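Small disclaimer: the values here were computed from a predicted structure and weren't measured. A note on names: the letters A, B, ... follow the listed sequences, proteins ahead of strands, and every chain is numbered from 1.
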Amino acid sequence: MPRVVLGAAFVPGGVVRALGAVLPVRAPTLPERVSFAITSSVKIPPAHLLLDWYDRHRRVLPWRSGPGQSADPYHVWLSEIMLQQTTVKAVGPYYHRFLEKFPTVQDLASAERDAVLAAWAGLGYYSRARNLHACAQQVVALGGFPHTVEGLLTLPGIGAYTAAAVAAIAFGVPVVPVDGNVERITARLFAIEAPLPAARKTLAQLGAQLNEGKAAQARPSDFAQALFDLGASLCAPRSPACGVCPWQGHCAGQKTGLAPSLPRRTPKAVKPVRYGVHFLVVDEAAQVLLRKRPETGLLAAMTELPGTEWRTTPWPQAEALRHAPVPADWQPCGTVKHVFTHFTLEVSVFAAQVKRFSNQAGQVGFLAPVGQVASLSLPSVMMKCLKAGLKTLEG
DNA sequence: GAGACGTGGCG
DNA sequence: TCGCCAAGTCT
């Protein structure tokens with residue numbers, strides 16, 4: 001039976017707590033408050049218990065092949081990119097839409113970048129879409145997806161996790177993709193109390209050893225996905241169902257009662273608030289004035305309603321209106337609140353109707369039929385602004 | 001290593 | 001209402 005050795009255990013208040021054992025994980029240099037504990041050894045839980053559970057409870061997902069069937073690398077890769085920091089439920093419609101528009105990696109590679117961005121609109125983390133497109137072109141140039149972790153790692157948008165996931169799921173390479181699920185499962189299995197994100201490296205090294213043993217080595221794809229399913233159901237972040245877990249009795253977190261509180265996380269900094277103003281103007285032909293955001297930074301290259309910069313102080317109405325894209329009878333439409341990863345945005349929305357756009361509008365951006373825009377291709381924050389403006393104009 | 005980078009759902 | 005979190009990557 002393989003044994004895991006741990007490097008470090010987090011010790012609050014300097015109290016040493018016994019946990020893992022030491023080993024392939026080199027003890028990192030830590031702050032003084034954090035002590036190290038070398039402890040009893042921990043065993044890798046039997047993979048066959050998880051695989052048996054998976055065979056009975058596996059989720060049916062659009063990108064998964066049936067039991068025993070080999071997965072399509074394009075489908076696996078596309079789903080893995082979409083699923084980064086994104087829920088299965090949110091991905092579903094986008095995944096189907098993408099395969100309709102871009103049935104093969106060749107179709108995706110030869111598509112316009114803006115068509116890919118438009119299809120991604122609303123899903124978030126838009127660098128994923130730009131990297132997706134670039135990656136597709138590299139894959140086509142290479143004649144197909146690399147079959148190895150190292151090869152996959154050279155592609156844009158593919159990091160350590162995704163390389164391992166595609167290698168394991170599409171090509172049967174015996175590696176463990178360490179994502180948030182596997183981090184959580186690992187932290188619980190070995191009762192790792194060191195908080196994320198500092199403990200990420202330790203958890204990754206431990207998690208990578210979970211497939212030691214014959215059962216897991218024989219089914220790399222299923223083992224990886226079994227870990228995802230366990231993490232998404234029984235070993236969920238809140239209220240884990242340890243009582244029915246296939247690894248019950250092999251889990252230090254369950255034995256100690258710490259499981260529900262693991263993994264621990266270092267408290268996050270408070271989010272600052274930023275303020276912006278955006279304008280919706282519609283002509284009698286029901287066209288709206290839009291513009292393209294800069295190629296880099298937040299919502300890079302995405303479409304937006306014209307507006308101001310997003311600054312740390314609110315915009316008084318008089319000042320806001322000086323930034324209107326065209327002269328018009330602007331009506332206040334209230335504020336839209338939107339939470340980004342690292343700040344909260346409050347947008348004051350103004351709306352106006354004009355008979356027709358003057359040449360001046362062409363300097364601001366471009367026109368698009370409002371009905372077409374409302375159906376897609378705007379990031380969510382801009383969709384909120386659009387709706388707020390339309391509500392005022394219609395009401 | 002820390003910060004940038006979206007969004008929707010849930011308790 | 002609000003904070004937390006989800007199949008991370010890049011700089």
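Contact check, A/Gln84 against C/dG8: no side-chain N or O comes under 4.0 Å of OP1 or OP2.
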Identify each donor-acceptor pair in which a side-chain atom of residues 326-343 of chain A lies under 3.5 Å from a protein atom, sequence neighbours left out, and give them as a table.
residue, atom, partner, partner atom, Å
A/Trp330, NE1, A/Val326, O, 3.2
A/His338, ND1, A/Lys384, NZ, 2.9
A/Thr341, OG1, A/Tyr125, OH, 3.4

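Regarding A/Arg184, its CZ atom lies at a distance of 11 Å from the C1' atom of C/dA7, rounded to whole Å. Across the protein-nucleic acid pair, A/Tyr126 atom OH and C/dC10 atom P stand 19 Å apart, rounded to whole Å. As a whole-Å value, the separation of A/Lys89 NZ from C/dA7 C1' is 18 Å. Here C/dG8 presents its P atom at 17 Å from CH2 of A/Trp77, a figure rounded to the nearest Å. A straight line from CZ of A/Phe340 to P of C/dA6 spans 21 Å, rounded to a whole angstrom.
A pairwise comparison of heavy atoms in A/Thr186 and A/Ile192 identifies O-CG1, 4.3 Å as the closest pair.
Taking atom P in both C/dA7 and B/dA2, the straight-line distance is 22 Å, to the nearest Å. Distance noted for atom C1' between C/dT1 and B/dG8: 16 Å (whole Å). Rounded to the nearest Å, the gap between the C1' atom of C/dA6 and that of B/dC5 is 15 Å.
Among C/dC4, C/dA7, C/dG8, the nucleotide with an atom closest to any side-chain atom of A/Lys268 is C/dC4. Ranking C/dA7, C/dG8, C/dC5 by closeness to the A/Glu80 side chain, first place goes to C/dA7.
Put simply, the side chain of A/Arg59 and the base of C/dA7 share a donor and an acceptor less than 3.5 Å apart.
Aromatic ring centres of A/Tyr94 and A/Trp120: separated by at least 6.0 Å.
Taking a cutoff of 4.0 Å between a charged side-chain nitrogen and a carboxylate oxygen, A/Arg59 and A/Asp229 qualify as a salt bridge. Under a 4.0 Å N-O distance rule, the pair A/Glu284/A/Arg356 does not qualify as a salt bridge.
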*Might you work through the side-chain contact (heavy atoms from CB on, under 4.5 Å) test for A/Ser233 and A/Trp53, ending with a clear yes or no?*
CA-CA 12 Å; A/Ser233 57; A/Trp53 171 85; 3.6 Å; yes
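Nucleic acid contact for A/Pro156: sugar-phosphate only, since backbone atoms but no base atoms lie under 4.0 Å from a heavy atom of the residue. Residue A/Thr341 is in base contact, counting any heavy-atom pair closer than 4.0 Å across all strands shown.
Close approach of DNA chain B to chain A, defined as any atom under 4.0 Å from a non-hydrogen atom of the protein, starts and stops at B/dA4 to B/dG11.
Here the rule is ring pair (Phe, Tyr, Trp, His ring centres under 6.0 Å) with A/Trp63, and of A/Tyr95, A/Phe228, A/Trp77, A/Phe98 only A/Tyr95 fits it.
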